[in-house]
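One structure is given below, encoded as structure tokens.
Nothing fancy with the numbering, it's 1 onward along the sequence.
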Amino acid sequence: MADSTDDTNRPGSDSLRQAALDYHRLPKPGKLEIRATKPLANGRDLSRAYSPGVAEACLEIKNDPDTARDYTSRGNLVAVVTNGTAVLGLGNIGALASKPVMEGKAVLFKKFANIDCFDIELNESDPEKLADIVCALEPTFGAINLEDIKAPDCFIVEKICRERMNIPVFHDDQHGTAIVVGAAATNALRVAGKSFEEIKVVSTGGGAAGIACLDMLLKLGVRRENVYLCDLAGLVHEGRSEDMTPQKAAYAQPGGARGLGDVIDGADLFLGLSGPGVLKPEMVEKMADRPIIFALANPTPEIMPDLARKVKPGAIIATGRSDFPNQVNNVLCFPFIFRGALDVGATTINDEMKIACIEGIAALARATTSAEAAAAYSGEQLTFGAEYLIPKPFDPRLMGVVASAVARAAMETGVAARPIADMEAYKTRLDSSVFKSALLMRPVFDAARSAERRIVFAEGEDERVLRAAHAIIEETTDTPILIGRPDVIETRCERAGLTIRPGIDFEIVNPENDPRYRDYWGTYHEIMARSGVSPDIARAVMRTNTTAIGAVMVQRGEADSLICGTFGQYLWHLNYVTQVLGTPDLRPVGALSLMILEDGPLFVADTQVHAEPSPEQIAETVIGCARHIRRFGITPQIALCSHSQFGNLDISSGRRMRAALEILDAEPRDFAYEGEMHVDAALDPALRERIFPGARLDGAANCLVFANTDAASGVRNILKMKGAGLEVGPLLMGMGNRAHIVTPSITARGLLNMSAIAGTPVAHYG
């Protein structure tokens with residue numbers, strides 16, 4: 001949550017103003033640029049991208065207009081259109097001055113739903129002429145997002161465009177706001193124990209957003225006669241002529257002129273889309289018990305939450321600000337409703353699609369908060385209730401939940417020109433676009449579901465482990481076992497908003513007091529007695545060392561695999577894993593990290609185990625890499641990397657790599673490998689062919705094996721920090737899947753991925 005006392009976050013502060021201006025100006029002006037999706041590096045590319053090759057795509061589209069989606073970007077392209085007549089709280093600032101807002105909207109489309117956008121600012125104040133211009137844009141775009149057009153002109157523009165265009169037209173100020181308000185109201189009523197059908201609604205503001213919100217509340221069940229709309233002229237009532245529009249007139253109440261203070265008595269829901277300070281504390285005092293107050297004026301709401309709670313402590317409050325709970329933010333809606341609409345080729349966005357959006361957003365808030373959202377909003381309480389009615393914009397599940405619900409509603413109502421045959425696969429694809437590891441991990445999760453395995457987590461009190469355990473219970477057939485103090489684990493589950501509880505949903509091993517303590521230290525002493533470990537030392541280790549406890553559990557058959565390392569040094573954990581679980585047949589071979597990059601996966605080894613591996617250890621690492629790479633459904637292409645390239649330097653790494661190649665070549669192998677070589681030669685087949693024609697690799701290597709951990713770990717960290725790589729792992733090779741040691745930077749989703757790897761029976765990967 002933003003600190004409201006921090007000048008850098010206070011609206012209107014000089015520091016915020018300068019920071020915002022610098023953000024827009026540096027390092028290059030604006031927030032958008034255009035990038036090509038195809039290479040244009042030579043004459044052949046040019047002949048395909050432009051004349052003469054481009055004519056083929058043009059003719060295909062002429063013959064079948066629907067193929068524009070296949071040969072152009074139109075199917076994923078939205079226009080954000082405005083005339084700048086009602087921009088945020090700035091009013092009619094004109095088309096040009098509105099451009100930063102429209103660029104920002106385009107950025108949000110791309111960030112949250114991977115939708116490409118052009119912002120279009122038009123110098124046209126006549127609504128019918130504006131609608132004509134927008135309609136003429138239909139060949140270019142897959143959908144239109146109308147933005148910041150003043151009322152009542154926005155109603156006219158939207159109506160004309162919806163009637164004439166065969167693509168979705170959505171006025172976000174109206175319908176986006178209405179959808180998020182609908183989701184927040186759905187959950188607020190659930191918390192308050194009330195229903196749409198019985199509540200009294202009082203609203204201020206008769207603009208586009210206010211009217212659309214009231215229209216949506218009626219669709220959700222609010223009775224028309226229970227709605228009281230007020231504006232600057234007071235209550236909208238029958239016979240009133242001042243500042244009236246047809247949209248306002250639809251909510252006219254019988255009787256004469258009255259003010260907000262006259263109609264607020266007994267109201268269950270106040271909906272404010274007007275201005276600061278409109279709702280007074282004495283008005284709140286007149287509202288029903290447990291009132292719902294949506295004070296959405298920005299930057300200063302109709303009433304500050306603390307003032308409302310002074311007179312109504314049980315009030316459920318939402319605002320438009322990020323520094324209070326329950327921010328009503330359209331970004332929860334518009335990227336995902338457009339994503340679903342575009343993906344099914346919807347010809348419009350209808351009421352059923354909007355309600356599906358509402359239901360998806362509301363349901364997500366009631367579910368357990370994702371680890372990613374918890375990390376993005378560290379310190380905030382994200383547990384469903386009066387302080388958490390709607391999910392946070394950075395909850396990555398919004399894409400899969402909301403877009404798929406919208407797409408399904410479009411198909412069910414017959415407005416989808418390209419229905420999706422497999423909705424489950426579609427949702428999985430949406431999730432994969434947000435969770436970078438999802439697609440690559442699918443074969444691993446599928447294999448893990450074939451057996452129920454018990455995964456023990458050494459650091460069971462860590463919140464990341466708790467979230468991973470919750471996901472394991474929800475998404476897999478595995479059983480998590482957590483090592484930690486029960487009271488600490490229960491408290492942290494409650495604080496994180498997790499519904500799982502120790503002793504009910506998962507097993508706990510309490511190092512301070514567990515009935516198996518005598519058996520555990522006895523087992524550890526038996527294993528280590530001839531390594532200088534006395535009974536007293538064994539007892540002390542089993543009281544304090546959770547990695548050793550987890551390893552003993554696996555050794556005793558009480559768990560199938562151990563995951564440790566969320567804090568501490570890798571080799572420290574490896575020492576205890578090797579002590580307890582190592583055998584002549586099971587010994588650490590190397591650590592393999594899967595780096596998921598923008599252009600695909602890249603495996604890196606050995607990142608942790610052998611500082612300066614021998615040729616034999618390098619060969620074992622290569623063999624282990626090939627086996628584990630196949631677990632992800634990928635064909636191994638392994639490069640042995642060194643500063644020496646195909647024998648051109650007589651250095652230690654080159655000699656060890658060449659010796660490892662001899663060991664590998666001594667027996668038939670069912671995977672491709674080559675070396676020793678530089679990393680660029682491994683990743684660039686053309687360069688490799690010039691240097692060493694006829695090399696055994698086919699295309700770019702997908703696995704780099706290094707001659708020391710400094711190089712391997714350095715490459716891994718560079719890819720994470722500068723290449724935006726997502727790491728899965730490291731996988732501890734050679735231990736028969738009985739233990740994996742992660743690193744302290746791992747996330748909750750990373751732990752879930754590791755649990756799936758640990759949960760895969762050895763038979764699945766050899």
> Which heavy atom in S642 sits nearest to a heavy atom in G654, and how many Å separate them?
Replying inline: OG-N, 3.4 Å
> Which residue pairs pass the ring-ring contact (aromatic ring centres under 6.0 Å, His included) test with at least one member in residues 580-621, sequence neighbours excluded?
Replying inline: F603-F632
> For E526, which residues count as a side-chain contact (heavy atoms from CB on, under 4.5 Å) partner, sequence neighbours excluded?
Replying inline: none
> Are the charged groups of R688 and D684 less than 4.0 angstrom apart, N to O?
Replying inline: no
>> A591: which residues meet the side-chain contact (heavy atoms from CB on, under 4.5 Å) condition with it, sequence neighbours left out?
In response: Y570, D606, T607, Q608, V609, P730
> Any ring-ring contact (aromatic ring centres under 6.0 Å, His included) pairs touching residues 640-667, not counting sequence neighbours?
Replying inline: H643-H678, F646-F692
> Roughly how far, to the nearest 0.5 Å, is CE of M754 from NE2 of H740?
Replying inline: 5.0 Å
> How many angstroms lie between CG in D505 and CG in L482, if you round to the nearest 0.5 Å?
Replying inline: 11.0 Å
> Of I757, I746, V742, which meets side-chain contact (heavy atoms from CB on, under 4.5 Å) against I563?
Replying inline: V742
> How would you list, by chain and number, every residue that makes a side-chain contact (heavy atoms from CB on, under 4.5 Å) with P396, sequence neighbours excluded?
Replying inline: S370, E372, V434, F435
> Less than 4.0 Å between a side-chain N and a carboxylate O, is that true for R467 and E474?
Replying inline: no
>> Does either side chain, that of S593 or that of E727, offer a donor lying less than 3.5 Å from an acceptor on the other one?
In response: yes
> Considering only heavy atoms from C-beta outward, does the side chain of R556 approach that of V552 to under 4.5 Å?
Replying inline: yes
> Mind checking whether P588 and L574 have side chains closer than 4.5 Å, heavy atoms only?
Replying inline: yes
>> Consider side-chain contact (heavy atoms from CB on, under 4.5 Å). Of N753, L752, D446, which one does M441 pass it with?
In response: N753
>> Distance alone, cut at 3.5 Å: any donor-acceptor contact between the side chains of H628 and R631?
In response: yes
> Are any of the side-chain nitrogens in D462 or R464 under 4.0 Å away from the carboxylate oxygens of its partner?
Replying inline: yes
>> Less than 3.5 Å apart, any donor N or O on the side chain of Y517 or E512 sitting next to an acceptor on the other?
In response: no
> Taking only residues two or more places apart in sequence, or in another chain, which ones meet D670 in a side-chain contact (heavy atoms from CB on, under 4.5 Å)?
Replying inline: R630
>> Within 45 degrees of the ring normal and closer than 6.0 Å to the centroid, is that where the cationic atom of R696 sits relative to Y673?
In response: yes
>> Is there a side-chain contact between R655 and D650 in this structure, where contact means two heavy atoms from C-beta onward sitting under 4.5 Å apart?
In response: yes
>> Rounded at 0.5 Å granularity, tell me how far OG1 in T523 sits from CZ in R516.
In response: 12.0 Å
Let me check something: any side-chain donor-acceptor pairs from residues 527-542 under 3.5 Å, sequence neighbours excluded? List them with distances.
{"from": "S534", "atom 1": "OG", "to": "I537", "atom 2": "N", "distance (Å)": "3.3"}
{"from": "D536", "atom 1": "OD1", "to": "R539", "atom 2": "NH2", "distance (Å)": "2.4"}

> Given the rule in the side-chain contact (heavy atoms from CB on, under 4.5 Å) test, do S561 and R453 qualify, once you have shown the distances and angles that lead to the verdict?
Replying inline: CA-CA 8 Å; S561 191; R453 288 171 61 82; 4.1 Å; yes
>> Filter on ring-ring contact (aromatic ring centres under 6.0 Å, His included), then keep only pairs touching residues 443-463, sequence neighbours left out; what's left?
In response: none
>> Please report the interatomic distance SG(C493) to CG(L498), rounded to the nearest 0.5 Å.
In response: 5.0 Å
> Between R656 and E676, does at least one N-O distance fall below 4.0 Å, as a salt bridge requires?
Replying inline: no
> Can you list the residues that meet the salt bridge (Lys or Arg N to Asp or Glu O under 4.0 Å) rule with R492, with sequence neighbours excluded?
Replying inline: none
>> Looking at E662 and R658, is any side-chain nitrogen of the basic one under 4.0 Å from a carboxylate oxygen of the acidic one?
In response: no
>> Looking at D478 and R454, is any side-chain nitrogen of the basic one under 4.0 Å from a carboxylate oxygen of the acidic one?
In response: no
>> Under the rule for salt bridge (Lys or Arg N to Asp or Glu O under 4.0 Å), what residues qualify as partners of R518, not counting sequence neighbours?
In response: none
For residues 697-705, please give each side-chain donor-acceptor pair under 3.5 Å, one per line with the distance, not counting sequence neighbours.
{"from": "N702", "atom 1": "OD1", "to": "Q637", "atom 2": "N", "distance (Å)": "2.9"}
{"from": "N702", "atom 1": "ND2", "to": "T635", "atom 2": "O", "distance (Å)": "2.8"}

>> Ignoring hydrogens, what is the shortest heavy-atom contact between S644 and I651? Give both atom names and the distance.
In response: N-CD1, 3.8 Å
> Who pairs with R690 by salt bridge (Lys or Arg N to Asp or Glu O under 4.0 Å), at least two apart in sequence or on another chain?
Replying inline: none
